[in-house]
Amino acid sequence: VLSIGLDVGGTKTLAVALDDDREVVAQVRRATVRGPDGVLETLVAAATALADEIGEPLGALSAVGVGIPGVVDHRAGRVAHAVNLELREPLALGPALAHRLGLPVTVENDVNVAALGAAQLLGRADGDLALLSIGTGLGAGLVTGGRLRRGARGAAGEIGHVPVDPAGPLCACGQRGCLETLASGAALTAAWPVEGDVSSAAAVFAAAAHGDDLAARVRDVFAGHVAAGVRLLVLTCDVETVALGGGVSQVGPPLLDAVRAALRRQAGGSAFVTSLELPDRVALVPSDVPVGAIGAALAGMRR
Ligand SMILES: [Zn+2]
């Protein structure tokens, strides 16, 4: 029996089919069309293309999971505040997609499904893992005992909006000095503006590696704030692994090295923090696999 996972991003939607052993047996990618109708049609097209790829009718598949940015009511399958998908009103995506596909549909927040996918891929499928998603913003998905920890109101893991500097910059959320204003792709863009296709994250880490002292300082300050996020996650949830994901994690091993170095620096004077062995507990989300789509399929499977 195959399960489908659909990961909706602002520009592209990835779809995978997982077999009972949780192995990817097929995948397709589609450009995301924004707006309520566009998102629904994108998902129908991606699921249909995936079924064609497998050579089975849609009805032969068992379940569909969707990961989508925004505030998700997973019970109702409803998504709200998905600004970058141009969903201005709450959308009952789960029921609408279930009706179109004739299959049960589970809808989850995109960071949550990425956490499920990362737990599967990093050997924590039945254990404890936090995915720290470092994109334009900063947020975390929590898996404890192999299950998503959403929280009473779905805000578990919103550590990007923990204020860490009372004199810091104003955050989009209305508070001042949130961790997100210091440890995000947007923070790197503000500190190191670039033009063209390259990201600020890639540019800063490349310049630092080539001996640019200012870039090395920007990198190390940034890594220090990411490390603070890792420490916060371990001290609140004691997850075995904190996986670094999101767009900035595409920097790869140099990001992991910088964050590990920052964790060592920060633990310096504390036997307690040193005993937590934080540098050994931080990892990168695998870069060559569709982690979010795999997690979405797992979410659908668990329904
Ligand atoms: Zn904030």
Side-chain angles (χ1 to χ4, degrees), residues 1-20 22-117 120 141 147-148 150-155 290-303:
V1 185
L2 301 175
S3 301
I4 288 185
L6 302 163
D7 185 25
V8 188
T11 55
K12 64 181 187 296
T13 293
L14 296 175
V16 302
L18 292 193
D19 65 14
D20 288 334
R22 302 174 172 186
E23 296 291 333
V24 175
V25 295
Q27 57 179 301
V28 301
R29 141 200 288 234
R30 283 280 181 280
T32 302
V33 182
R34 299 179 191 184
D37 294 340
V39 168
L40 182 61
E41 292 307 326
T42 300
L43 292 175
V44 170
T48 306
L50 198 62
D52 287 349
E53 177 100 6
I54 301 160
E56 298 266 11
L58 269 173
L61 306 171
S62 67
V64 177
V66 179
I68 189 164
V71 178
V72 173
D73 175 346
H74 74 279
R75 288 185 192 84
R78 191 168 53 230
V79 58
H81 304 293
V83 181
N84 64 352
L85 293 173
E86 296 173 15
L87 301 182
R88 292 186 180 84
E89 304 286 332
L91 176 66
L93 182 62
L97 188 60
H99 178 72
R100 289 289 298 276
L101 299 179
L103 291 168
V105 172
T106 303
V107 183
E108 283 286 355
N109 168 267
D110 61 340
V111 177
N112 281 353
V113 297
L116 282 176
Q120 172 69 27
R147 296 174 63 89
L148 269 182
R150 300 182 187 87
R153 300 193 179 193
V291 178
I294 290 170
L298 293 172
M301 221 179 249
R302 285 163 187 225
R303 182 190 167 95

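Residues V105 and V66 are in side-chain contact: their nearest non-hydrogen atoms beyond the backbone lie under 4.5 Å apart. D7 is not listed as a side-chain neighbour of I68, based on a closest heavy-atom distance of 4.5 Å or more. Counting heavy atoms from C-beta outward, V24 and L18 have side chains that approach closer than 4.5 Å. Proximity of L116 to L148: side-chain heavy atoms (C-beta onward) are separated by under 4.5 Å at one or more points. Counting heavy atoms from C-beta on, the side chains of V16 and I4 never come closer than 4.5 Å. The shortest side-chain heavy-atom distance between S62 and M301 does not fall under the 4.5 Å cut-off. Considering only heavy atoms from C-beta on, L85 comes within 4.5 Å of P69 through its side chain.
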Pairs under 3.5 angstrom only: tabulate donor-acceptor contacts from the side chains of residues 30-37 to other protein residues two or more places apart or in another chain.
residue	atom	partner	partner atom	Å
T32	OG1	G9	O	2.9
T32	OG1	K12	N	3.4
T32	OG1	K12	O	3.2
T32	OG1	T13	N	3.3
T32	OG1	T13	OG1	2.8
R34	NE	G10	O	3.1
R34	NH2	G10	O	3.0

May I have the list of side-chain donor-acceptor pairs in residues 46-58 shorter than 3.5 Å, sequence neighbours left out?
residue	atom	partner	partner atom	Å
T48	OG1	V44	O	2.6

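At most 12 heavy atoms of other shown residues, nucleotides or ligands fall within 6.0 angstrom of atom CZ in R78.
The main-chain N or O of E23 is found under 3.5 Å from a side-chain atom of D19 such that the two form a donor-acceptor pair.
Here L43 contributes atom CG and L101 contributes atom CG; the two are 8.0 Å apart, rounded to the nearest 0.5 Å. Distance check, rounded to the nearest 0.5 Å: OG of S3 to CG of L298 gives 8.0 Å.
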Exercise for the section: Could you give me the CA-CA distance, side-chain angles and deciding distance for L97 and L103, then say whether side-chain contact (heavy atoms from CB on, under 4.5 Å) is met? Expected result: CA-CA 8 Å; L97 188 60; L103 291 168; over 6 Å; no
